[in-house]
Amino acid sequence: DAQHDLLARHYLEGGDSDSARQHLRLAAESARRAAAARKAIGYYEQLQQLSDGSEQTQEALADLYCLVGENQRSLEIYDRLLKLEPDPRRRASLHRRRGTALRSLARYSETLEALVEALRSSRIKVPNSKLGLTLSSIACLATSALHLWRPPAVQARDEASVDEVEELYRIIPTILH
C-alpha cells in the first residue's frame, strides 16, 4: 500500500499518468483489502481526477461510500452505473447494493423498490403484493435449505447467483414489517 502510494506520487510528479493510475489502483485495492475504507476512497478519487472514471473505479467508490455511511454519494454513483449497464446480472447486483444504501438512509419504500427491481433484473418473477413477497421469501428460504443437499459441482456453479437472491429475500421481510 505505502509502496504503491509512493510510486503513484513519483509517477504523477514525473508526468507519467498511466503508471500513476496503475499504482493508485493497486494502492486503492490494497487499502480496501486492509479495510482502510477512507484511504481507499482517497486513492479512487485520485484515480477519477486522472480521468479514470471506469466502471470498476466508480463501483468501488460507491461500495466504499456506502461502507463509510456516505450513502447519498453511493446512490448517485449506483444510479449513473445503472443507466449504463446492459447486463441483467450486473444490474441486479447494482440494484441490490443501491437498496442497501437506501435502507441505511431509512428510505424503506425505495429500498423495497430497488430490491424488487434487483429480482426483476435477475429475471425472477416478483409478486406485486406484500403477502406475495412474504410467501416468495418463505419459498426462497425453503429452496435455500434444499440447495444444501445438491451435488457440490452444481452448488459451486450456482453459488453466486443463489447468494444474491437469498440476500434479497432476507432483506425484504425486514422492510415489510
Side-chain angles (χ1 to χ4, degrees), residues 1-108 110-115 117-119 121-122 152-153 155-171 174-175:
D1 179 31
Q3 180 182 7
H4 292 296
D5 179 44
L6 181 63
L7 285 169
R9 280 190 272 143
H10 169 74
Y11 285 120
L12 276 172
E13 289 171 9
D16 186 350
S17 296
D18 290 339
S19 296
R21 275 193 290 274
Q22 177 186 0
H23 286 283
L24 280 171
R25 183 173 312 289
L26 290 169
E29 290 168 1
S30 176
R32 191 173 183 185
R33 281 191 304 274
R38 292 273 180 205
K39 196 170 191 178
I41 286 171
Y43 291 130
Y44 282 119
E45 287 175 342
Q46 285 180 338
L47 273 169
Q48 278 189 307
Q49 291 172 1
L50 289 174
S51 301
D52 183 0
S54 69
E55 285 184 31
Q56 179 185 3
T57 299
Q58 293 295 308
E59 197 169 327
L61 262 174
D63 292 344
L64 288 164
Y65 284 144
C66 194
L67 183 67
V68 299
E70 294 184 37
N71 295 296
Q72 192 57 49
R73 290 179 84 176
S74 69
L75 286 173
E76 292 166 9
I77 296 171
Y78 289 137
D79 289 342
R80 268 196 316 269
L81 290 170
L82 279 164
K83 288 178 184 175
L84 303 171
E85 183 59 60
D87 178 42
R89 190 175 193 160
R90 298 255 317 117
R91 288 183 64 77
S93 177
L94 289 168
H95 278 298
R96 181 190 58 78
R97 289 184 280 164
R98 184 175 181 276
T100 300
L102 287 163
R103 184 171 144 203
S104 295
L105 292 169
R107 292 165 51 181
Y108 300 115
E110 291 173 84
T111 301
L112 184 57
E113 290 171 18
L115 297 177
E117 192 57 42
L119 291 170
S121 294
S122 298
Q155 277 184 315
R157 185 185 73 225
D158 294 339
E159 193 171 291
S161 58
V162 169
D163 287 346
E164 288 277 322
V165 173
E166 287 175 357
E167 175 67 16
L168 292 172
Y169 277 113
R170 273 195 293 274
I171 293 170
T174 63
I175 295 165

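One-based numbering along the sequence shown.
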*For the side chain of S93 and the backbone of R90, is there at least one donor-acceptor N/O pair under 3.5 Å apart?*
no
*asked:* If you define the side chain from C-beta out and look only at heavy atoms, does anything of R32 sit under 4.5 Å from D63?
replied: yes
_Could you check whether R73 and Y65, counting side-chain N and O atoms only, form a donor-acceptor pair closer than 3.5 Å?_
yes
_I need the minimum non-hydrogen distance between E55 and L81, along with the two atoms involved._
CG-CD2, 4.0 Å
*asked:* With rounding to the nearest 0.5 angstrom, report the CG to CG distance, N71 to L105.
replied: 4.5 Å
*Would you check if the side chain of R91 reaches a backbone N or O of L82 as a donor-acceptor pair within less than 3.5 Å?*
yes
*Examine distances only and state if a side-chain atom of S121 and a backbone atom of E117 form a donor-acceptor pair shorter than 3.5 Å.*
yes
*With rounding to the nearest 0.5 Å, note down the distance linking OG in S30 to NZ in K39.*
8.0 Å
_Between T57 and R25, is there a side-chain heavy-atom distance shorter than 4.5 Å?_
yes
*Atom CD in E85, atom OH in Y78: separation rounded to 0.5 Å?*
13.5 Å
*Looking only at heavy atoms, which two atoms of E110 and L102 are closest? And how far apart?*
O-CD1, 3.5 Å
*Indicate yes or no for a side-chain donor-acceptor contact from R98 to the backbone of A114 under 3.5 Å, with no hydrogens or angles considered.*
no
*Check whether any side-chain heavy atom of E59 sits under 4.5 Å from a side-chain heavy atom of L94, and report yes or no.*
yes
*Would you indicate whether the side-chain heavy atoms of R21 and D18 approach each other to under 4.5 Å?*
yes
_Side chain proximity check, I41 to E45, heavy atoms < 4.5 angstrom_ = yes
_Min side-chain heavy-atom separation D79-E76 under 4.5 Å_ = no
*asked:* If I compare all heavy atoms of L115 with all of G99, which pair ends up nearest, and what's the gap?
replied: CD2-CA, 4.4 Å
*asked:* As an exercise, state the distance from CD of E113 to CZ of R107, rounded to the nearest 0.5 Å.
replied: 10.5 Å
*Distance-minimising heavy-atom pair for S74 and A101*: OG-CB, 3.5 Å
*Nearest heavy atoms of I77 and Q58, plus distance in Å*: CG2-O, 3.2 Å
_Shortest non-hydrogen separation from Y44 to E29 and the atoms involved_ = OH-CG, 3.6 Å
